[in-house]
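Counting starts at 1 for both ligands and their atoms, in listed order.
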Amino acid sequence: MKNYIILFFSLFILASCEQNNSNEINIYSKRHYQVDIKQYENFEKATGIKVNVIKSSDDELLERLKNEGKNSPADLFVTVDAGKLQKGVQMGLFQKIKSDIIDSNVSNDLKDINGFWIPITYRARLLVYSNERVDKFDLSTYEDLANDKWRGRLLVRSSSNAYNQALMSSLYANLGEETVTNWSSDVVKNFARDPKGNDRDQVKAIAAGQGDIAIVNSYYIGLLLSSEKQSEVDAGKSVSVFFPNQGDGQRGTHINISGFAMTKNAPNKENAIKLLEYLTGVEAQNTYVNNSYEYPANPKVKPSDLVQSWGDFKRDKLDLNALGTFREKAIKVFDNTGWK
Ligand code: FE2
């Protein structure tokens with residue numbers, strides 16, 4: 001019996017040593033930005049903990065986590081859409097994250113009410129318009145994009161894109177099926193061309209005179225203006241930013257977060273929490289805003305100078321998990337209204 005007890009405690013100590021001494025973290029990442037490499041290098045320098053990253057699409061990574069089950073080496077999953085985080089929660093892949101530091105670092109209205117994921121940044125899916133051909137006083141709401149004054153002038157990427165699916169999910173949750181279906185039909189009539197390309201391409205199309213307004217994520221304007229390619233800088237300069245749905249009584253501009261979830265069996269849980277405490281802290285939050293032009297999840301940090309120059313805006317306070325729960329319905333609206 002005594003031997004068993006000794007054996008038990010030896011194994012216990014060995015197991016806890018392994019946990020405490022583990023010198024790495026494994027991340028499955030959908031994020032595709034340069035700034036992440038910088039953040040992980042800074043964290044590694046500060047702590048000696050090595051950050052390993054595997055990149056793929058979020059659906060592929062979630063499927064991989066499901067197939068690997070308990071044997072998955074992944075500690076964290078990071079993506080750019082609360083809807084995909086919510087999908088992983090529904091698949092039973094994550095555990096709740098508990099840390100007072102993270103809790104005090106992050107704005108309350110950006111948090112997951114169920115505690116499964118942590119926001120690090122957020123972005124607005126807003127409008128940009130041609131400085132030459134659009135009067136900003138003609139712009140108001142997402143709903144107004146259905147107005148026929150925009151016939152042949154609207155640019156947006158395809159409905160297979162997660163950013164658009166999240167936007168449509170938010171509209172569905174806020175307006176209901178009938179209104180959103182009518183809206184989408186009219187918006188499609190206003191397209192300047194069939195949806196193609198990414199968000200940057202919509203801005204370039206405005207610069208080239210192919211359309212006058214576009215729906216894009218906020219940070220792409222910062223990325224274009226700071227690009228090494230002159231054509232991208234010129235495209236960024238040809239447009240201005242507009243935050244829809246800001247009027248009195250209006251719900252605010254649709255936002256989405258970039259965020260992390262911890263896998264159910266994270267082998268390096270303590271390190272993973274340390275990383276999230278670091279990434280939501282003031283130093284790393286400043287690194288995000290000044291490199292990727294996203295908005296900080298930590299309210300103690302200000303956006304980059306460029307992003308601040310657009311002014312403050314009211315954000316839609318819809319529970320961000322709705323971006324996941326309404327996704328299937330949103331995709332049906334796209335399909336039923338011919339948004340390619
Ligand atoms: Fe992006």
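- Taking the ring axis of Y28 as reference, the NZ or CZ atom of R64 stays within 45° of it and closer than 6.0 Å to the ring centre.
- N198 lies apart from the Fe ion (ligand 1) in this respect, since none of its N, O or S atoms is found at a distance under 2.8 Å.
- At the Fe ion (ligand 1), the vertex angle linking OH of Y33 with OH of Y219 is 80° (nearest 10 degrees).
- Between the Fe ion (ligand 1) and Y220 there is an N/O/S contact shorter than 2.8 Å.
- Contact check on K30 versus E60 returns no salt bridge, with no Lys/Arg side-chain nitrogen under 4.0 Å from an Asp/Glu carboxylate oxygen.
- Between N164 and R125 the shortest side-chain heavy-atom distance falls below 4.5 Å.
- By the 4.0 Å N-to-carboxylate-O rule, D186 lies close enough to K189 to be salt-bridged with it.
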